[in-house]
Amino acid sequence: MEIPSKYEPQSAEAKWYAYWLEKGFFNSVPDDRPAYTIVIPPPNVTGVLHMGHMLNNTIQDVLIRRARMRGYNACWVPGTDHASIATEAKVVQKLRAEGVKKSDLSREAFLEHAWEWTHKHGGIILEQLKKLGASCDWNRTRFTMDEKYYEAVIDTFVDLYNKGRIYRGERIINWDPAAKTALSDEEVIYKDVQSHLYHLKYQVVGSNEFIVVATTRPETILGDTAVCVNPKDERYKHLHGKKVMVPLVNRVVTIIADDYVDMEFGTGCLKVTPAHDMNDFMLGQKYQLEIINMMNDDGTVSEAGGMYIGQDRFAVRKQIALDLDAAGLLIKQEPYSNKVGYSERTDVVIEPRLSMQWFVDMKELSKPALENVMNDNIKFFPPKFKNSYKHWMENIKDWCISRQLWWGHQIPAYYTEDGNWIVAKSLEEAQEKCKSQYPEYTGGLKQDEDVLDTWFSSWLWPIAVFDGFYSEDEVSYYYPTADLVTAPEIMFFWVARMIIAGYEYRDELPFRNVYYTGIVRDKQGRKMSKSLGNSPDPLVLIDQYGADGVRVGMLLSSPAGNDLLFDESLCEQGRNFANKIWNAFRLVNGWGQNTEKAQPRGSAVVAVQWMNARLNQVIDQLNDDYDKFRMNEALMNTYKLVWDDFCAWYLEMVKPPYGEKLDEETYSATIEIFEKILTLLHPFMPFLSEEIWQTIRDRKEGESLCVAQWPTSYSTDGEWLDGFEAFTETVIGIRNIRKDNAIANKEKLVLKVLSQDGGLSAYHAAVEHLGNIEATEMCNEKPAGCYSFIVKGREFFIPFTEKFDVGAELKKLGEELNYTEDFLSKVRLKLQNERFVSNAPQQVLDLERKKEEDALHKITLLKTQIAALGK
RNA sequence: GGGAGUUUAGCUCAGCUGGUUCAGAGCACCUGCCUUACAAGCAGGGGGUCACUGGUUCGAACCCAGUAACUCCCA
């Protein structure tokens, strides 16, 4: 059978993914084994795979595959999020392209379009994840608007309302005039903007005096209902309680005094617009000011503004500045840089706006969530994120959960015609309740038009995917889940709230560990985005480098919490690695075994001993790496195990003479070692490892590496590992002599050693094999006419060939002598320091003395070598 | 404005309790090789003011103080 010299991923990927699915290896049902659960961070239902998903899901797949091999009942639950505002925006856009306005449609008709869109585009991303090799239990795929999930969200709302945790109130909220909806604080992005600071003149009534107010939003004077100064401010003390005229508007308002005002900022005078600023609203409440809502939901000036009605806020800003100037009321206009909030979704400037919304009271709810992260019941990786989590949780604000959208979970509040409301699961229940609460009322009930914030459904994800609100069957087995892998950007949106919901509804943490991935950036450090066009298509990458290659590429440079500068060459490295493994397989496969040949060669015997010791060492190392969620180190350690230890050393050590097969004993040991290595590789490179694993030995139907057992280490003699270093140094010594003197590798050499240095190491047969040494001679005294090198105090000699260059050799030895003498003097300096000798621990002292001794010995050797050559 | 973090090779990063010949890894780079698995490879090699300044200590990349630059989060 001819095996291609390059690994061809495409066929292997399709074949083994289908096999895994067919055998149901990814499916999980509760049983006696301990559960290991991951719930996927549900991507937007109509989203497509981007590099962030690749990273995130590769990590999850590595974790879940390893857990599966370690004997856990591994369950990775996939699913999608309805993504209220993002999806609705897309549907609106699509309809607009077809000439249909959302406002022309009924709610029902619009939702029909939305569902149609969802069914058409929904789940594409899940299909893409399969290409990556994601081992999700696809039977469990959930959607946040599934019937049962929807019910859970509604029940949660009703429950929290009944507990007094949800209230309805008029507050200043972040208003997105493009999407025409309220946003939570987390959906607002602050950007640095070059704008202007306008200094406006407010005439004091009944006087020639005026005061000056500085503002960046002059159009909001239409809603001014007071002017405020700091009570300590001497400049304005005489004006407290006086009236001023709002410029242009000519509304008469009072000057109030409150220490909220910063005397240093601007002129120390603040205009108060309770309907359009968070802090002004607070002042408005405190001093019972009139509230004038001068803006429509689309950002144009409302009737209440009295002027500029119907014009856009930014047009008005320009115009009003001109008009104020014309009226002599604009004192100056200076450039000013400040931060302005933008909508995460629509990227328009957020308008603080007074409106009636639903809120969750977070104070009490959030307490266990803070406590259990700070005491490490829930662990964050890296732990630095605990800081910002703590800061946020300690200053948590109430959560605005209503959105003026249609796509989502409709708020289960029902209004009477006279403005009372009833919260109930359904209209029928609401009607029942209405009868007892308002027995006189005979009119109808109308459900709240708004839907809930998307995160109000996804915060239930780890519970709801197991139908945990309605049945204990699964949730009691799978919950709490093991690990959550997500981006730090959604720590507050999602992670914190899942923890809150977990304690509220299960009285338990939702997951034990949270692994925060970084942001995938391009080589220049820019965030990958559609508009920059700097994001490669993940599927194209998979096609080019193989899924395994891309997985390796993603993991090679991404410690938890660090941003990842993605470079396609990393995938190339991954592909090359796959090819390296493939060729190791070809080599072993090509050797085959000879069952007649019973006696293993000396070199092979030590190779097997050492490789097993090394494997055990690496297995321990990997387990430690995984425990600490150091995925990239686990990968790098596996990479070096394969490339350096297995390919560069082990396979060379056991390599039979050309044309011969391996003896039976070495062959079976090699296959076993290879299998273990494939097991360790499987979480990173599932396809390649399965492909080789299936071929390297006869397998029964239904066997698979993905359910094979993760290897455990056993204690081995450390001596094998110690001796190995001297061995490799010896081989390198021989190679260097060959290279420096242009001695071909094919040319066999004689090696001489001094018998006074003791017996040969157990590795000596391997030294001869790799160094192409035909004989090793023991000498009683230093042989003349030889190249030599020193390994750990032992000198090796190789007879000169005709190309020997005395000058070069002397130079090299001289350099080494200088270095060693320099080193010796540094060590001696330390040892001569009395304070070091009296203070340092014995261990450190001994070590320094050993260094001194070794260096002295080496110097003696080098000096005799130089003397011998100089003759 | 408030908070957190980072700074080690050309790049991306390790360096765990201050002490091992400790200054490391991978990639990149340089030199030589188509050596009977792999040129997507093999063998060898160069490369550092551990951001800066001071302090603590017998001993500092590591601890402390200050300075600078960058990044992120929050308002």
Side-chain angles (χ1 to χ4, degrees), chain A residues 3-7 185-186 188-190 262 264-265 278-279 338-339 341 382 384-392 394-395 397 488-489 491-492 518-519 521 523 525 545 549 556-559 561-567 569-570 572-591 624-625 628 630 632-633 635-637 639-640 643-644 647-648 651-652 655-660 731-732 735-736 738-740 742 744-747 772 819-820 823-824 826-827 830-841 843-848 850-851 854-855 858:
Chain A
I3 305 172
S5 73
K6 293 195 170 30
Y7 169 58
D185 293 342
E186 287 69 35
V188 179
I189 300 181
Y190 290 87
D262 179 1
E264 305 297 317
F265 182 83
M278 216 70 83
N279 297 306
N338 64 335
K339 295 212 172 188
K384 65 174 178 184
F385 287 114
K386 277 167 78 176
N387 287 330
S388 40
Y389 181 83
K390 177 167 183 264
H391 190 256
W392 190 76
E394 282 175 347
N395 298 289
K397 306 256 169 50
E489 308 162 296
M491 182 160 63
F492 308 128
I519 296 166
R521 298 174 179 278
K523 260 199 285 189
Y545 301 102
L556 269 175
S557 71
S558 60
N562 277 27
D563 284 1
L564 178 150
L565 297 191
F566 183 78
D567 184 343
S569 69
L570 291 169
E572 199 179 321
Q573 194 183 344
R575 180 201 59 181
N576 293 355
F577 183 42
N579 203 44
K580 183 73 185 175
I581 302 162
W582 181 250
N583 276 292
F585 159 66
R586 280 212 308 149
L587 179 66
V588 173
N589 191 61
W591 287 337
D624 187 54
D625 290 338
K628 293 174 178 153
R630 298 175 160 210
N632 59 329
E633 285 192 29
L635 173 58
M636 190 42 71
N637 283 322
Y639 182 91
K640 287 192 273 193
W643 206 302
D644 300 340
C647 293
L651 290 178
E652 292 301 329
K655 191 180 245 177
Y658 183 59
E660 286 184 31
V731 172
I732 288 168
R735 283 175 183 162
N736 280 334
R738 283 183 186 277
K739 184 171 166 114
D740 292 347
N745 289 326
K746 280 180 202 158
E747 193 176 328
N772 199 15
Y819 174 83
T820 314
F823 175 69
L824 178 68
K826 266 192 248 168
V827 172
K830 231 185 214 184
L831 286 168
Q832 278 156 14
N833 182 343
E834 260 176 56
R835 292 205 288 177
F836 171 70
V837 177
S838 52
N839 283 321
Q843 227 182 330
V844 176
L845 262 177
D846 288 349
L847 207 69
E848 289 302 316
K850 176 91 173 28
K851 283 188 208 168
D854 287 353
K858 191 163 182 186

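Quick caveat: nothing in here was measured; it's all calculated off a predicted structure.
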Rounded distance in Å - CG (A:Leu635) to C1' (B:U12): 14 Å
Touch class at under 4.0 angstrom, heavy-atom based, for A:Glu489 against every strand present: nothing
A:Lys390 NZ - B:C74 C1' separation (whole Å): 15 Å
Closest nucleotide among B:A37, B:A75, B:U35 to the A:Asn583 side chain: B:A37
With sequence neighbours excluded, residues passing salt bridge (charged side-chain N to carboxylate O under 4.0 Å, His left out) with A:Glu747: none
SB check A:Asp624 A:Lys628 (cutoff 4.0 Å): yes
Between C1' of B:C11 and CG of A:Leu570, the distance in whole Å: 10 Å
Identify each atom pair where a protein N or O and an N or O of nucleotides 1-5 of chain B are less than 3.5 Å apart, giving names and distance.
residue	atom	partner	partner atom	Å
B:A4	O3'	A:Asn387	ND2	3.2

A:Leu556 CG to B:C13 P, straight-line distance once rounded to whole Å: 13 Å
Separation of the C1' atoms in B:C72 and B:G66, to the nearest angstrom: 24 Å
Separation of the P atoms in B:C50 and B:A60, to the nearest angstrom: 13 Å
A:Phe585 to A:Ile3 - nearest heavy-atom pair and separation: CE2-CD1, 4.0 Å
N/O (side chain, A:Lys6) to phosphate O (OP1/OP2, B:A37) under 4.0 Å: no
B:U8 versus B:A61 - spacing of their C1' atoms, nearest Å: 7 Å
Dot-bracket encoding per residue of RNA chain B, Watson-Crick/G-U cut-off under 3.5 Å, | denoting interstrand: (((((((..((((.....[....)))).(((((.......))))).....(((((..]....)))))))))))).
Length of the CG-C1' vector between A:Leu651 and B:U36, whole Å: 15 Å
Between B:G44 and B:G5 - P atom distance, rounded Å: 43 Å
Spacing of the C1' atoms in B:C22 and B:C16 (rounded, Å): 15 Å
Spacing of A:Phe836 atom CZ relative to B:G59 atom C1', expressed in whole Å: 7 Å
Heavy-atom closest contact (A:Ser5 atom, A:Asn579 atom, distance): O-OD1, 3.6 Å
Separation of the C1' atoms in B:C27 and B:G46, to the nearest angstrom: 16 Å
Any donor-acceptor N/O pair, A:Asn772 side chain to A:Lys746 backbone, under 3.5 Å: yes
Those residues that, when tested against A:Glu848, pass salt bridge (charged side-chain N to carboxylate O under 4.0 Å, His left out) (two or more places apart): A:Lys830, A:Lys851
Nearest-Å distance for atom pair CE/P, residues A:Met491 and B:C72: 15 Å
Sugar-phosphate, base or nothing in reach of A:Arg630, heavy atoms under 4.0 Å: sugar-phosphate
Residue whose nearest RNA chain B nucleotide is more 5′ - A:Gln573 or A:Tyr7: A:Gln573
Sugar-phosphate, base or nothing in reach of A:Arg586, heavy atoms under 4.0 Å: sugar-phosphate
Of the listed nucleotides B:C74, B:C58, B:C38, the one nearest the side chain of A:Phe492: B:C74
Sugar-phosphate only, base, or nothing, as touched by A:Glu652 at under 4.0 Å among non-hydrogen atoms: base
Nearest-nucleotide comparison on RNA chain B, the residue closer to the 5′ end among A:Phe385 and A:Tyr658: A:Tyr658
Salt bridge (charged side-chain N to carboxylate O under 4.0 Å, His left out) partners for A:Lys739, two or more places apart: none
With the criterion being N/O to N/O and under 3.5 Å, what pairs connect the protein with nucleotides 23-25 of chain B, and how long is each?
residue	atom	partner	partner atom	Å
B:A25	O2'	A:Lys640	NZ	3.1

With sequence neighbours excluded, residues passing ring pair (Phe, Tyr, Trp, His ring centres under 6.0 Å) with A:Tyr389: A:Phe380
Gap between atoms CZ and P, on A:Arg521 and B:C11 respectively (whole Å): 18 Å
Pairwise C1' distance for B:C58 and B:C63, with rounding to whole Å: 16 Å
Test ring pair (Phe, Tyr, Trp, His ring centres under 6.0 Å) applied to A:Trp591 - qualifying residues, sequence neighbours left out: none
Considering all heavy atoms, the nearest A:Cys647-A:Lys580 contact: CB-CE, 3.7 Å
Sequence-distant partners of A:Asn745, side-chain hydrogen bond (donor to acceptor under 3.5 Å, both in side chains), two or more places apart: none
Residue list, ring pair (Phe, Tyr, Trp, His ring centres under 6.0 Å) with A:Phe577, at least two apart or on another chain: A:Tyr639
Whole-angstrom distance between B:C52 and B:C11, as gauged at atom C1': 23 Å
OH on A:Tyr7 to CG on A:Asn576, rounded to 0.5 Å: 14.0 Å
Pairs: protein N or O with nucleotides 41-47 of chain B N or O, under 3.5 Å:
residue	atom	partner	partner atom	Å
B:G41	O3'	A:Lys580	NZ	3.2
B:C42	OP1	A:Lys580	NZ	2.7
B:C42	OP1	A:Trp643	NE1	2.8

With A:Lys397 via salt bridge (charged side-chain N to carboxylate O under 4.0 Å, His left out) - residues at least two apart: none
Contact check, side chains of A:Leu845 and A:Leu831, non-hydrogen atoms, under 4.5 Å: yes
Any side-chain donor near an acceptor of the partner, A:Asn583 and A:Arg586, under 3.5 Å: yes
